[in-house]
Amino acid sequence: MAGICEGRVVIVTGAGPGWIRVGTETVRDNVVLTPQTVVFGFAPGGFDALTADDYAALLAHQPEIVILGTGLAQRFPHPRLLASLSAARVGVEAM
């Protein structure tokens, strides 16, 4: 789905089990959303497969906060996985 919100601000307009809507496009993949970009290919193995390196890679987007959607049930990553984000003073909220 290259081109979602190309040249526009990313706005989530809907959500449900296993999907979000960005603008008018439905997304059923794990993605990273920044104010200007939808980045595909994040967490292809799902929440349980995320590593410390995956969380550290989010720093390339220079976030102030990471909002981590964890699906139907709220889940929390182990604090050691978030060490790079904590060291960079980036907040993490699991939803």
Side-chain angles (χ1 to χ4, degrees):
M1 275 202 203
I4 286 183
C5 294
E6 193 170 315
R8 295 177 292 175
V9 174
V10 172
I11 299 175
V12 176
T13 57
W19 63 274
I20 61 170
R21 187 177 315 107
V22 178
T24 60
E25 301 290 329
T26 299
V27 178
R28 296 185 183 277
D29 297 316
N30 297 323
V31 294
V32 173
L33 301 177
T34 73
Q36 302 84 19
T37 310
V38 179
V39 181
F40 289 87
F42 183 75
F47 180 85
D48 292 325
L50 287 169
T51 67
D53 289 340
D54 294 319
Y55 290 103
L58 295 173
L59 291 171
H61 302 286
Q62 300 177 320
E64 293 179 24
I65 187 168
V66 171
I67 300 172
L68 180 63
T70 61
L72 292 176
Q74 186 178 27
R75 300 170 68 188
F76 298 92
H78 193 282
R80 76 173 169 267
L81 296 175
L82 303 176
S84 61
L85 293 171
S86 295
R89 301 184 57 81
V90 173
V92 177
E93 179 70 35
M95 305 183 105

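FYI, side chains are in, hydrogens and waters are out, and symmetry mates aren't considered; it's all heavy atoms of this structure.
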Give every donor-acceptor pair under 3.5 Å between a side-chain atom in residues 84-95 and any protein atom, sequence neighbours left out.
from	atom 1	to	atom 2	distance (Å)
Ser86	OG	Leu82	O	3.3

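- The environment of Ile65 atom CD1 is dense: over 12 non-hydrogen atoms of other residues, nucleotides or ligands sit within 6.0 angstrom.
- By the 4.5 Å side-chain criterion applied to Ile, Leu, Val, Met, Phe, Trp and Tyr, Phe76 is assigned to no cluster and stands alone.
- Contacts of Asp53 classified as salt bridge (Lys or Arg N to Asp or Glu O under 4.0 Å), with partners at least two apart in sequence or in another chain: none.
- Listed by chain and residue number, nothing satisfies the salt bridge (Lys or Arg N to Asp or Glu O under 4.0 Å) test with Arg21 (two or more places apart in sequence, or in another chain).
- Counting all heavy atoms, side chain and backbone alike, Phe47 lies closest to Pro77 at CZ-N, 3.7 Å.
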- [ ] Under the side-chain contact (heavy atoms from CB on, under 4.5 Å) rule, what do His61 and Leu59 come out as? Steps first, then yes or no, please.
- [x] CA-CA 5 Å; His61 302 286; Leu59 291 171; over 6 Å; no

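- Val12 and Phe40 fall within a single hydrophobic cluster, where Ile, Leu, Val, Met, Phe, Trp and Tyr are joined by side-chain heavy atoms under 4.5 Å apart, directly or via other members.
- Taking 4.5 Å as the limit, some side-chain heavy atom of Pro17 sits within range of a side-chain heavy atom of Leu72.
- Glu25 CD to Ile20 CD1: the interatomic distance, rounded to the nearest 0.5 Å, is 11.5 Å.
- Residues passing the side-chain hydrogen bond (donor to acceptor under 3.5 Å, both in side chains) test with Asp29: none are found, sequence neighbours excluded.
- A donor-acceptor contact shorter than 3.5 Å is absent between the side chain of Asn30 and the backbone of Pro44.
- For residues 66-82, the set of pairs meeting the salt bridge (charged side-chain N to carboxylate O under 4.0 Å, His left out) definition, not counting sequence neighbours, comprises Asp48-Arg75.
- Side-chain contact between Leu50 and Phe42 is present, with heavy atoms from C-beta onward closer than 4.5 Å.
- For the side-chain contact (heavy atoms from CB on, under 4.5 Å) criterion with Leu33, the lone passing option out of Val38, Ile11, Val39, Val27 is Val38.
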